[in-house]
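Note that this is a predicted model, so its numbers are computed, not measured.
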Amino acid sequence: MSSNDRPTGQPTATYESAFMKACRREAVPHTPVWFMRQAGRSLPEYRKVREGIPMLESCMRPELVAEITMQPVRRHNVDAAIYFSDIVVPLKAIGVDLDIKPGVGPVVEKPIRSRADLAQLRDLTPEDVAYVTEAIGLLTAELGETPLIGFAGAPFTLASYLVEGGPSRNHEHTKALMYGDPQLWAELLDRLAEITAAFLKVQIEAGASAVQLFDSWVGALAPADYRRSVMPASTKVFEAVKSYGVPRIHFGVGTGELLGLLGEAGADVVGVDWRVPLDEAARRVGPGKALQGNLDPAVLFSTTEAVETKTQEILDAAAGLEGHIFNLGHGVLPSTDPDALTRLTEYVHTRTAR
């Protein structure tokens, strides 16, 4: 890969940060660290500001979004902020009748099961999510040289919520539609790709330095089904934001068999869950991509010595990589001790200082 194949973008305050350098597979002063779901239930300050405010409403209050996004940056000294939102926010913004039910997750009033149901999905405009633009303006002013990562759910995961009507263990309705009516499935994912791309563009244009596409449920698919029925939509999202030059991160859970395809879809950085060692993940992904990951979130419940041992194993596996961003292999678990994350960040920074 030549340097021309790397995300460049326009030089900004965040351009020389360790996180952005790692995304571009350049030499870094230390391995950058951030955590998926670093802003949220593990922090007492988060629980305090969210008290009595429903999840979706909290995603639509710019000053609250900015405060929640900043909390882990202040507390843990992480190398990047992740925009506080939820994957269903763009769907809610275009009028889909859904809510996030505590203890359950997103629940859709009228699941998509037929062509007529696609009418729920109109185009997303910047005006639909003006609160996102406002929140990112507040954030970039406060973050300074610390990058802000934009956030969106990938077409397959959004489709799985829309078709199932809520979270699902087996995705039976989703797979039934994908196999039984491939034309309708393709139209559904294409429409969701348009909505997702528009949502990411709003975030980039407002000042996000990078974007991450979360495909939380895509590990439910076999590689051949992913390539045929899902990858075209994810590729469309990545292509839509390519011209901005910001790093594009792709992450899914249980995706060991899909790692090469996740990179092939168009990401600059491939997120790896905890099931595959980073050196093996690099072999599966191939050259020309940075990797992100991949400490098992449950390890943080063990002793400090155990956390450091497991972390060092990951740093050793990443030693030969072109670019590595330290993260968990999935999101921070709600009952995690925040101090464990602060210690982990400091450990990675200290052990990898160059």
| field | Aromatic centroids of His250 and Phe238 separated by under 6.0 Å | value |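 Yes.
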One pair to check against side-chain contact (heavy atoms from CB on, under 4.5 Å): Asn327 and Phe35. What are the steps and the verdict? CA-CA 5 Å; Asn327 208 312; Phe35 305 112; 4.3 Å; yes
Where the side chain of [X] meets the backbone of [Y], is there a donor-acceptor pair that is under 3.5 Å apart?
X	Y	answer
Thr352	His30	no
Thr196	Ala193	no
Thr336	Ser42	no
Asn294	Val276	yes
Glu322	Gly288	yes
Asp337	Asp339	yes
Asp79	Val33	yes
Thr303	Ala306	yes
Gln38	Ala80	yes
Asp273	Gly254	yes

Exercise. Under the side-chain contact (heavy atoms from CB on, under 4.5 Å) rule, what do Thr133 and Val202 come out as? Steps first, then yes or no, please.
Key: CA-CA 7 Å; Thr133 299; Val202 166; 3.5 Å; yes
Legend entry - Gap between atom SG of Cys23 and atom CD1 of Ile149 - 0.5 Å precision: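 So the CD1 of Ile149 and the SG of Cys23 are separated by 7.0 Å.
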Measure the spacing between NZ of Lys48 and CG of Leu43 and express it to the nearest 0.5 Å.
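Interatomic distance, Lys48 NZ to Leu43 CG, rounded to 0.5 Å: 13.5 Å.
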Pick one: which of Arg50, Arg75, Arg74 meets salt bridge (charged side-chain N to carboxylate O under 4.0 Å, His left out) with Glu45?
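It is Arg75, the one option of Arg50, Arg75, Arg74 that forms the salt bridge (charged side-chain N to carboxylate O under 4.0 Å, His left out) with Glu45.
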### Query
Which is it for Leu188 and Leu121 under the side-chain contact (heavy atoms from CB on, under 4.5 Å) test, yes or no, and what are the steps along the way?
CA-CA 9 Å; Leu188 170 60; Leu121 303 179; 3.6 Å; yes
Task: Linked, directly or transitively: Val132 and Leu91 (ILVMFWY side chains, under 4.5 Å) - done: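 Same hydrophobic cluster.
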Going by heavy atoms in the side chains, are [X] and [Y] under 4.5 Å from each other?
X	Y	result
Thr311	Glu313	no
Arg61	Tyr131	no
Glu67	Phe84	no
Val129	Pro90	no
Asp117	Gln120	yes
Pro297	Trp274	yes
Met60	Lys92	yes
Leu184	Leu118	yes

[X], [atom1]: over 12 other non-hydrogen atoms inside 6.0 angstrom:
X	atom1	answer
Glu172	CD	yes
Arg354	CZ	yes
Lys310	NZ	no
Glu63	CD	no
Arg41	CZ	no

Would Arg24 and Tyr15 count as a cation-pi pair here, with the cationic atom under 6.0 angstrom from the ring centre and within 45° of the axis?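 That pair qualifies as a cation-pi contact.
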* Test item: side-chain donor near acceptor, His330 and Asp296, under 3.5 Å ->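 No, Asp296 and His330 have no side-chain donor paired with an acceptor closer than 3.5 Å.
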### Query
Taking atom types as modelled and ignoring hydrogens, do the side chains of Thr350 and Glu346 form a donor-acceptor contact shorter than 3.5 angstrom?
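Result is yes, a qualifying pair exists.
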### Message
Under 4.0 Å between a side-chain nitrogen and a carboxylate oxygen: does that hold for Glu187 and Arg115?
### Response
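Yes, Glu187 and Arg115 are salt-bridged.
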Point to revise | Glu280 and Arg284: CA distance, side-chain angles, deciding distance, salt bridge (charged side-chain N to carboxylate O under 4.0 Å, His left out) verdict | key: CA-CA 6 Å; Glu280 171 59 17; Arg284 296 183 189 187; 2.8 Å; yes
### Query
Members other than Leu333 in its cluster, when Ile, Leu, Val, Met, Phe, Trp, Tyr link by side-chain heavy atoms under 4.5 Å?
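Direct or chained contacts put Leu333 with Phe301.
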Q: Check the pair Glu164, Thr174 against side chain to side chain donor-acceptor pair (under 3.5 Å), reporting the backbone distance first and the verdict last.
A: CA-CA 6 Å; Glu164 299 291 340; Thr174 305; 2.9 Å; yes
Non-hydrogen atoms of Ala66 and Ala135 that approach each other most closely
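Taking every non-hydrogen atom into account, CB-O, 4.3 Å.
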message: Asp268 and side-chain hydrogen bond (donor to acceptor under 3.5 Å, both in side chains): which single residue from Lys289, Arg248, Lys242, Arg25 fits?
response: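 Result: among Lys289, Arg248, Lys242, Arg25, Arg248 is the only option passing the side-chain hydrogen bond (donor to acceptor under 3.5 Å, both in side chains) with Asp268.
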(request) Applying salt bridge (charged side-chain N to carboxylate O under 4.0 Å, His left out), run through Asp181 and Arg113 and close with a yes or a no. (result) CA-CA 10 Å; Asp181 194 340; Arg113 304 282 170 81; over 6 Å; no
Exercise. Hey, mind stepping through Lys236 and Glu194 against salt bridge (charged side-chain N to carboxylate O under 4.0 Å, His left out) and telling me if it holds?
Worked result: CA-CA 8 Å; Lys236 183 172 184 173; Glu194 296 273 1; 2.8 Å; yes
Please work out which of the three classes, parallel, tilted or perpendicular, describes the rings of Phe156 and His171, given edges at 30° and 60°.
->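 His171 vs Phe156 ring planes: tilted.
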side-chain contact (heavy atoms from CB on, under 4.5 Å) assessment of Thr157 paired with Ile87: CA-CA 9 Å; Thr157 292; Ile87 63 170; 3.6 Å; yes
side-chain hydrogen bond (donor to acceptor under 3.5 Å, both in side chains) against Asp316, all qualifying residues, sequence neighbours excluded:
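Checked Asp316 against side-chain hydrogen bond (donor to acceptor under 3.5 Å, both in side chains); matches are Gln312.
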Only pairs under 3.5 Å count here: list side-chain donor-acceptor contacts from residues 220-232, not counting sequence neighbours, and write none if there are none.
| unit_1 | atom_1 | unit_2 | atom_2 | d |
| --- | --- | --- | --- | --- |
| Asp225 | OD1 | Arg228 | NH2 | 2.5 |
| Asp225 | OD2 | Tyr179 | OH | 2.7 |
| Arg227 | NH1 | Glu264 | OE2 | 2.9 |
| Arg227 | NH2 | Glu264 | OE1 | 3.3 |

Legend entry - Thr342 and His76: CA distance, side-chain angles, deciding distance, side chain to side chain donor-acceptor pair (under 3.5 Å) verdict: CA-CA 4 Å; Thr342 305; His76 304 314; 2.8 Å; yes
